[in-house]
Structures are given as C-alpha cells and as structure tokens.
Amino acid sequence: MKHFNVLHTDKRARAGRLKTAHGEIQTPVFMPVATLGTVKAVSQEDLKTIETECLLSNTYHLYLQPGLDTLEELGGLHKFMRHPGPILTDSGGYQVYSMSNLRKITDEGVRFQSHIDGSSHFFTPESVIDYQARIGSDIRTFLDVCVENPATHEAAAEALKKTKAWAERAGKHFRATTAGVDEKLKPLMFGIIQGATFPDLRRESALHMAETVNPDGFAVGGLSVGESKNQMHDTLALVTETLPKEKPVYFMGLGSPEDIWEAVGNGADMFDCILPTQNARNGQVLTSQGRFYIKNAPYKRDDSPIDPNCDCYVCKNYSRAYLSHLFKTKELLMNQLLSVHNLRFLINQTKIMREAIKNGNFAEKKKDFLDSYYRDTPRPERDKVRLVPKSNTSED
RNA sequence: GGUUGGGUGACUGAGCGGUCAAAAGUAACGGUCUGUAAAACCGUCGGGCUACGCCCUACGAAGGUUCGAAUCCUUCCCCAACCA
C-alpha cells in the first residue's frame, strides 16, 4: 500500500497526503514539537482547534521521563497524552548534537549522561527503534549523528559514515520487528540524511539512504544549525534533487515562516520546529506583516489583535496591549496564548502553500507572503552565518 | 522642643577620603533562539563629543577642610523612630 501520494506539484513544490496509523497528514505540514509529550503551554483542545495534523515528540526525553515502562503500561504516547492524531518521534539524534558535552559516540552507539540525574544510558540504532515502538509513534526516525556548523569535511564525513552504518542497522531492525504488522497499523520509518553543507556528502547520504536503506520517508537533518540561509537552502535543493520523488521529505527543525516557504519551494514536505512555541514563550509573535516582540513599547497600548489576518482564537479575543501586559507581568496565560497563535500562524501558512501548489501559483503566493512579511523590516542577509555557539547567543 | 538614625541615578539599595558616572537588583529600551537541557539568555541604560579616550553635570541644599569629598566638618531643609 502506498503511504504517500503527491497530489499536486508546482515546479518543485509538492502538495501531498501521507497516511499513518493514526490518520492522514496533508502536506506541506508543520508539526508542533511536543518533546516531553506536551506542546509546551498548549492543551490538547488547542491542538485540535489549530488543526494540528502531526506532532513531533522525542525518544530521548520520553525515555528519561516518564520512562518507557510507564509509557507502555499506560498504553503508549497517544493514549498517555490523549492525542488522537499522528505522532512522529525524533530518535534522539538531535540530543547527540545538542548535548555534546554529555555524550560519547562509538561505532556501536551513543552513551548519554542524563541531563536530569547524570545517570548513564547507551542508545544504539536498534534500541532506539525499539524505544519508539514502545512509545508507539506513527513515524519513527533513525539514530543519526548531526554535526555542528561549521564542520570540517573530515568531521562531517566521519559523522556520515556512522549515520549510514546506523541507518542500515536501524532499517534492518525496523523491518525485522514490524514484519507481521497489518499495513494499516504499520509505523513508517524515516531515514535521516546528513553531510553538513558539503554537496558530495549530502549526495552520498541521499543516494545511500534511497538505494541501500529505502525507508518510507526521508528526513533531512543537520541543517538550520548555524549555517547560512543560502547554504541551508542550497543543501536542501541538492538533496531533494538527488532523492526519488515518490516519498515524503521532512526538513527537520525548520520553523521560521520564510524558511518554510523557501524549503517547500525546494521540495520539502514536512517540518517541525520549536521556534513558534519557544519564541512565543520569549515574547516574539509571528504575523503576516512580520514578526515582533509583544513586550516592546509600541504594543503597550495597541488594542488591535496580534495579526488582523489570523483566524486563531487569540487574535479574535485578545489585544496586543493585553498580551503585552501578560508578558511583562509574567502571567502564565501568555505562554499558552502566544504559542497557540504562533502555531496557528504556521499551520495557516502551510494551508496557503497547499492551495497555491494546487492552483499553480506557488511562486506568486510566496512573493506575496515575503513582501508583506518584510514590509517594515529589512530582509535578513542570506549568507550570514551564525557565529556564536547555541548556548551563548546574543546580539547587540 | 529633645535624642537617635537617615536623605545616593526612574525605584529598592551598596559604597563611607582617591582605582566612583557610582555595586547589585528591579523597571525601562532593544535583541537572540530553527529534529527544546530554555516561561531561557544577551546587550544598552546621566548628558555631550573630533568617542578603546575626553569634557560637562551628578550622591538633599549651601559653605568649609583637603592635592583630592557621595564619603570628613558646620549650618540649614526634609524623613523615620523614640522621649517630652
């Protein structure tokens, strides 16, 4: 049974449908991030209201808390969090990257030191597949090795070598452990493509994944980690050109609206990102006319909604002035309201994209979006590289 | 009326002879964040410059001591507590 159908194309942009055990996903899709089995500050009711199609959760974090025994006893993640829709789980590969001071990589797997209590845990490509089975996610990903940017070709090649070997092991294990499962209930496995920003490595990774591992979908990892926008988009374009066209492409960790427009134009179908929720908690909101900080002076007495063009319940019922007040007074409701809005904004963008692809005017709609989004602010430099490490970001 | 303790930048509050345009926190102003170790973090924060330095104006007010005072002395004005 074919789990993914490309319904419409407009140049390289595609609109499609992905079937999972917990329902269909229309693509392009934005998946809110529920690392610990919750989209931070957002309720299940909210997720439904904003028309969430798929959630992303995290193997590493769920493994530590509440623990897989607990999760399994309570019927898996869907039942535990009462989420009826599809869930994709990240393998923990991102934690290999972001918690580099707490882990050690060997050919066999990754030894983590828990960030909670310091206890030691060993993840292998196979065990991570088993963990995701216990979580019960619909889309499961392989353990990979993501390198920081900038990386030397040597380091990226070394990481890719492990990623490839691990993908083969994980794919084999996945097939062996899901062999008898009914097609309709069968989870999907997504392989992760690495190779930093080196074209030869990216091509090698994509070809290897497609030809040797042949997963249900392709995740593009190791991007949006500090490289320039040009590098990021060029790398994606090269990967989608290399990959077969009949399977979904998931750009891991991409979440600013302008980037998603660009990436959909380059053939990506699925996205997840902490940005809309994390930025919401830090007071930044997205609108069709650009993004801004709700806490900033101009909004203190602004009685208008965050985005007059948004259909979310926050924009219909709350003013900028009130939300600004909530932020400044550290009222917890702010986290929920701004998160709901930002998520709904991105989901609405994907709906506009699908419609545009169907109508064959994607480029035009993309231009409309960007013209409006950058109406009052200069467009960012596309070749600018993030120089400061993740843990020490600042700008003056 | 007396005694004692105080009056420091928007606020709270350190400093108690030079290294003080003055700690720290708050507020204010601006920003960062892309498969979440984040309801986190980072700047700026008296004014003016021919700015990695210089010049003004500043620690209740006015005098004074000193090479030099937010810091010591005198007087005055406020504030708090207590005593009449």
Side-chain angles (χ1 to χ4, degrees), chain A residues 30-42 54-62 64-65 88-103 112-118 137 139-146 149 190 192-194 219-227 229 232 250-260 262-263 270-284 286 291-293 295-300 326-339 342 346 377 380 384 386-396:
Chain A
F30 180 78
M31 307 180 280
V33 175
T35 301
L36 275 159
T38 172
V39 178
K40 293 189 194 299
V42 177
C54 186
L55 282 187
L56 174 134
S57 195
N58 186 279
T59 306
Y60 167 81
H61 289 282
L62 291 175
L64 291 179
Q65 296 180 302
L88 180 155
T89 37
D90 177 42
S91 59
Y94 187 76
Q95 282 63 44
V96 175
Y97 154 77
S98 68
M99 300 170 58
S100 55
N101 56 326
L102 291 174
R103 53 78 173 151
F112 280 107
Q113 213 178 337
S114 161
H115 66 284
I116 297 164
D117 62 6
S137 53
I139 302 172
R140 304 174 189 174
T141 55
F142 296 163
L143 190 64
D144 65 327
V145 181
C146 177
N149 186 278
F190 276 40
I192 302 178
I193 288 156
Q194 287 290 348
V220 183
L223 290 179
S224 53
V225 291
E227 75 284 0
K229 299 275 189 190
M232 178 171 85
Y250 160 34
F251 192 136
M252 309 181 89
L254 197 67
S256 71
E258 67 273 26
D259 285 338
I260 293 179
E262 185 76 20
M270 304 168 66
F271 305 89
D272 79 281
C273 196
I274 63 155
L275 222 49
T277 45
Q278 186 168 93
N279 281 356
R281 279 176 274 119
N282 296 332
Q284 192 182 89
L286 302 169
R291 40 173 222 177
F292 63 85
Y293 293 94
K295 66 181 178 179
N296 286 4
Y299 313 108
K300 184 174 180 179
L326 292 184
F327 189 88
K328 291 193 175 197
T329 52
K330 297 178 168 55
E331 281 295 332
L332 299 177
L333 181 60
M334 173 276 298
N335 292 323
Q336 180 180 12
L337 298 180
L338 298 189
S339 296
N342 278 352
L346 281 185
T377 51
K384 188 178 172 188
R386 193 167 70 209
L387 294 172
V388 286
K390 190 180 179 186
S391 55
N392 186 26
T393 50
S394 69
E395 191 131 330
D396 36 339

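Here the structure is a predicted model, which means the values were calculated and not measured. Each chain gets a letter, A, B and so on, in the order its sequence line appears, and its residues count up from 1.
Regarding contacts with the backbone of rG30(B), every side-chain N or O of K295(A) stays at 4.0 angstrom or more from both OP1 and OP2. Contact annotation: Y293(A) side-chain N/O to rU32(B) OP1/OP2 distance is under 4.0 Å. Note on R291(A): a side-chain N or O is less than 4.0 Å away from OP1 or OP2 of rU32(B). Between Q278(A) and the phosphate of rA39(B), there is no side-chain N or O to OP1/OP2 separation shorter than 4.0 Å. The side chain of Q284(A) contributes no N or O atom lying less than 4.0 Å from OP1 or OP2 of rC33(B). Not one side-chain nitrogen or oxygen of K330(A) sits closer than 4.0 Å to the OP1 or OP2 atom of rA40(B). OP1 or OP2 of rG30(B) lies within a sub-4.0 Å distance of a side-chain N or O belonging to N296(A). Distances shown here put every side-chain N or O of N279(A) at or beyond 4.0 Å from the OP1 or OP2 atom of rU32(B).
Across all strands shown, I192(A) has heavy atoms under 4.0 Å from base atoms, whether or not it also approaches the sugar-phosphate. Counting any heavy atom pair closer than 4.0 Å across all strands shown, L88(A) reaches no nucleic acid atom. Across all strands shown, P298(A) has heavy atoms under 4.0 Å from sugar-phosphate atoms exclusively, and none from any base. Using a 4.0 Å heavy-atom cutoff across all strands shown, Q194(A) reaches at least one base atom of the nucleic acid. Heavy atoms of N335(A) sit under 4.0 angstrom from at least one base atom. Backbone-only contact: N58(A) has heavy atoms under 4.0 Å from sugar-phosphate atoms and none from a base. Backbone-only contact: K328(A) has heavy atoms under 4.0 Å from sugar-phosphate atoms and none from a base. R103(A) comes within 4.0 angstrom of no nucleic acid atom, judged by non-hydrogen atoms across all strands. If you check every strand for non-hydrogen atoms under 4.0 Å, N149(A) touches nothing.
Across the strands present, rG18(B) finds its partner in rC67(B); the criterion is a Watson-Crick or G-U wobble pair with both atom distances under 3.5 angstrom. Of all nucleotides present, none satisfies the Watson-Crick or G-U wobble test against rA37(B) with each distance under 3.5 Å. Shown here, rG1(B) forms a base pair with rC83(B); the pair counts as Watson-Crick or G-U wobble because both key distances fall under 3.5 Å. Across all strands shown, rG25(B) forms a Watson-Crick or G-U wobble pair, both distances under 3.5 Å, with rC11(B). With a cut-off of 3.5 Å on both pairing distances, the Watson-Crick or G-U wobble partner of rG53(B) is rC49(B). Across all strands shown, rA61(B) forms a Watson-Crick or G-U wobble pair with rU75(B), both key distances being under 3.5 Å.
Checking rU36(B), rA40(B), rC29(B) against the side-chain heavy atoms of A297(A) singles out rC29(B) as nearest.
Counting distance only, with no hydrogens placed and no angle test, the side-chain atoms of S98(A) and the base atoms of rU36(B) include no donor-acceptor pair under 3.5 Å.
At whole-Å resolution of the value, CG in L223(A) and C1' in rC33(B) are 17 Å apart. If you take CG of L254(A) and C1' of rC33(B), they are 14 Å apart, rounded to a whole angstrom. In this structure, the CZ atom of F327(A) is 12 Å from the C1' atom of rG31(B), given to the nearest Å.
With contacts defined as side-chain heavy-atom distances shorter than 4.5 Å, the pair S57(A)/L62(A) qualifies.
Within the 3.5 Å criterion, the main-chain N or O of T89(A) finds a donor-acceptor partner in the side chain of T141(A). Between the side chain of T277(A) and the backbone N or O of S339(A) there is no donor-acceptor pair closer than 3.5 Å. Under the 3.5 Å distance criterion, the side-chain polar atoms of N58(A) are matched with a main-chain donor or acceptor of Y60(A).
Nucleotides of RNA chain B nearest to L56(A) and M334(A) differ in position, and the one nearer the 5' end is that of L56(A). Mapping T277(A) and G283(A) onto RNA chain B via the closest heavy atom, the residue that lands nearer the 5' end is G283(A).
Ring centers of H61(A) and Y94(A): at least 6.0 Å apart, outside the cut-off.
Shown here, rC52(B) is classed syn by the O4'-C1'-N9-C4 or O4'-C1'-N1-C2 angle, which is within 90° of 0.
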> Can you list the steps and then say if N149(A) with E227(A) is a side chain to side chain donor-acceptor pair (under 3.5 Å)?
Replying inline: CA-CA 6 Å; N149(A) 186 278; E227(A) 75 284 0; 4.7 Å; no

